[in-house]
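For reference, positions follow the sequence shown, starting with 1. Indexing begins at 1, ligand by ligand and atom by atom, following the structure's order.
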Amino acid sequence: VSAWSSLRASTAYADLLAVSERLGRDPLQVQGPGGNTSLKENGAMWVKASGLWLAEARARDIMVPVDADALTAALHEDTPDVAFVPDGESASALRPSIETSFHAALPWPVVIHTHCVATIALAVRTDAETVIAERLGDLGAAFVPYVKPGRDLTRAILAHSAPATRVIVLGNHGLICCGDNPVSTETLLRTVSTRLEPHALPEPGTIDPHLADQLAGTDWMPAPAEAQPLARDPVQLGFAGGATLYPDHLVFLGPGVAIADHDDVGTATEQAARLSPPRRLLLFPGRGAAIPKDSDAGTKALARALGDVVARIAPGAEVNRLTQEQEADLLNWDAEAYRRSLSAAS
Ligand SMILES: [Zn+2]
């Protein structure tokens, strides 16, 4: 019996799947295939596969075996993560998540990473490090300024944390919590999220029926209700209307948002559809937010997420946004070609 198969047969593994499913079904923690969880023991690790949903943790096999010690030892090399999937241990061709290296390198049996909206609403602020120290100082929380997910981020996490660190806030990205077992680690993560929630939560959004009627004749439809205030609340429009705030927004919705500058809904949606790279969240100032009718579940989840995040950013806060170089890097574009494509569109 291998170390991976005995770990997979453990109670802790079953607990990890239950915790993963619960967090994956909570849109305030995980959106689409975002977030990931892991369990490891003596270098044998199970981690969520790339592109799969934590919400499906018990409905299908979403976990991949990884040699955590070998991956940690290779942290300064550029060997692909899939090279650390041990021969004969994986029943599938799944690839480990792009974020696998920090799961391997953090010295705790359980690592849980979510795109907690309350955390992101603070982690985009220019004063995030100070605010995190105030709210989570007694938990020994570490703050890591934005770095592209992958081994560079893992090295930055190790540089900004200590072996005993259990709470790590990732600038313009999300939250990592570590622990001895899945249930206590989820409890810690929920504690952190609750502390970072603003005192007064915003009113839930509603869809303007008049805008919905006008969109009916186009290739677009109203965005989820939570995203509607992005267009109607001037403060939220200010936060939403700039460049990208966090990586998954870019991946699912394109850079930033499109803002309709035409009263005619048909013309505005046609203009938005011509932007390059495409923008899949279109805001009609004062009226509401729209997404393409062919949006998949991930796109809908990330449209909702922007509403959930922005509604939690303190009015007047200064925010960091991803630069064009950081966007190009996330999309695997050549930076110069990306810049040209953006300027051609605007
Ligand atoms: Zn992430």
Side-chain angles (χ1 to χ4, degrees), residues 16 19-20 23-38 45 47-57 62-64 66 71 75 81 94-106 108 110-124 128 132 141-158 160-161 165-178 185-186 188-189 192-193 196 244-253 298-299 301-306 308-309 312 320-322 326-327 329-332:
L16 185 76
V19 165
S20 298
L23 290 168
R25 289 180 175 181
D26 180 351
L28 301 182
Q29 290 295 339
V30 169
Q31 307 84 27
N36 29 70
T37 59
S38 67
M45 178 170 83
V47 65
K48 198 209 74 164
S50 179
L52 298 191
W53 293 47
L54 285 173
E56 294 194 304
I62 66 161
M63 305 301 277
V64 190
V66 167
L71 176 47
L75 205 52
D81 288 351
L94 296 175
R95 302 170 66 89
S97 159
I98 182 91
E99 294 175 319
T100 292
S101 57
F102 68 68
H103 287 269
L106 289 167
W108 290 89
V110 174
V111 177
I112 298 178
H113 165 54
T114 68
H115 296 158
C116 164
V117 299
T119 303
I120 296 175
L122 286 174
V124 297
I132 295 302
F143 176 76
V144 183
Y146 177 80
V147 176
K148 179 193 177 183
R151 263 176 249 185
D152 289 345
L153 174 57
T154 299
R155 288 193 287 268
I157 288 169
L158 294 178
H160 283 85
S161 63
T165 305
R166 294 185 62 196
V167 178
I168 300 159
V169 172
L170 305 178
N172 292 71
H173 182 160
L175 175 62
I176 299 172
C177 287
C178 306
T185 309
E186 183 195 13
L188 175 64
L189 183 134
V192 170
S193 295
L196 299 186
T244 307
L245 289 168
Y246 47 88
D248 274 8
H249 178 95
L250 175 72
V251 172
F252 284 87
L253 300 170
T299 301
L302 269 297
R304 175 190 167 158
L306 188 65
D308 287 328
V309 167
R312 287 169 170 76
N320 289 319
R321 299 175 184 277
L322 302 192
Q326 289 167 336
E327 289 184 341
D329 207 16
L330 283 164
L331 296 172
N332 294 315

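Put simply, the residue from Leu306, Asn320, Leu322 that forms a side chain to side chain contact (heavy atoms under 4.5 Å, CB included) with Leu245 is Leu306. Each of Val111, Asn36, Thr119, Ile112 was compared with Ile176 under the side chain to side chain contact (heavy atoms under 4.5 Å, CB included) criterion, and only Val111 meets it.
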**Message:** Under the criterion ring-ring contact (aromatic ring centres under 6.0 Å, His included), I'd like the reasoning laid out for Tyr246 against His115: C-alpha separation, chi angles, the key distance, then a yes or no.
**Reply:** CA-CA 10 Å; Tyr246 47 88; His115 296 158; 7.8 Å; no
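Residue side and main chain included, Asp248 places no N/O/S atom under 2.8 Å of the Zn ion (ligand 1).
Asp81 contributes atom CG, which lies 6.5 Å from atom CD1 of Ile98 (distance to the nearest 0.5 angstrom).
The N, O or S atom of Glu99 lying closest to the Zn ion (ligand 1) is OE2.
Between the NE2 atom of His113 and the NE2 atom of His115, the angle taken at the Zn ion (ligand 1) works out to 100° after rounding to 10°.
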